[in-house]
Amino acid sequence: MVKRNRKTERNKEIVAYRKAGIPYRLIAEHFKISIIRVRQICEVWEEREC
């Protein structure tokens, strides 16, 4: 369960960076994940906020 909370916090940070206008590539490099994964996370979190 701890792992899930870390990922949730990480995903919130990713979405916040994206909303601040940081490019997918820089976010991906910072978190050491793929650009596609960053895009997927942002899409999922946008749906949750609606």
Side-chain angles (χ1 to χ4, degrees):
M1 295 233 173
V2 173
K3 214 173 196 181
R4 180 168 272 248
N5 287 336
R6 276 192 216 147
K7 282 190 177 179
T8 300
E9 292 303 315
R10 180 198 71 179
N11 292 350
K12 286 180 184 179
E13 277 188 73
I14 289 169
V15 171
Y17 285 165
R18 190 64 197 131
K19 285 183 178 180
I22 311 266
Y24 288 118
R25 184 181 55 79
L26 293 178
I27 297 169
E29 288 174 5
H30 177 74
F31 288 97
K32 296 178 177 41
I33 59 177
S34 72
I35 294 169
I36 293 169
R37 185 63 188 136
V38 172
R39 191 176 306 143
Q40 288 171 341
I41 291 166
C42 291
E43 287 175 3
V44 168
W45 281 81
E46 283 178 7
E47 290 175 9
R48 285 184 180 182
E49 291 178 354
C50 293

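Numbering starts at 1 and runs along the sequence shown. Since the model is a prediction, treat every value here as computed from it, not as a measurement.
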Enumerate, atom names and distances included, each donor-acceptor pair closer than 3.5 Å involving a side-chain atom of residues 22-38, sequence neighbours excluded.
from  : atom 1 : to    : atom 2 : distance (Å)
Arg25 : NH1    : Glu29 : OE2    : 3.2
Ser34 : OG     : Arg37 : N      : 3.0
Arg37 : NH1    : Gln40 : OE1    : 3.1

* Going from CZ on Arg18 to CD on Glu43, what distance comes out if it is rounded to the nearest 0.5 angstrom? -> 11.0 Å
* Arg10: what forms a side chain to side chain donor-acceptor pair (under 3.5 Å) with it, not counting sequence neighbours? -> none
* **All side chain to side chain donor-acceptor pair (under 3.5 Å) counterparts of Glu13, not counting sequence neighbours** => none
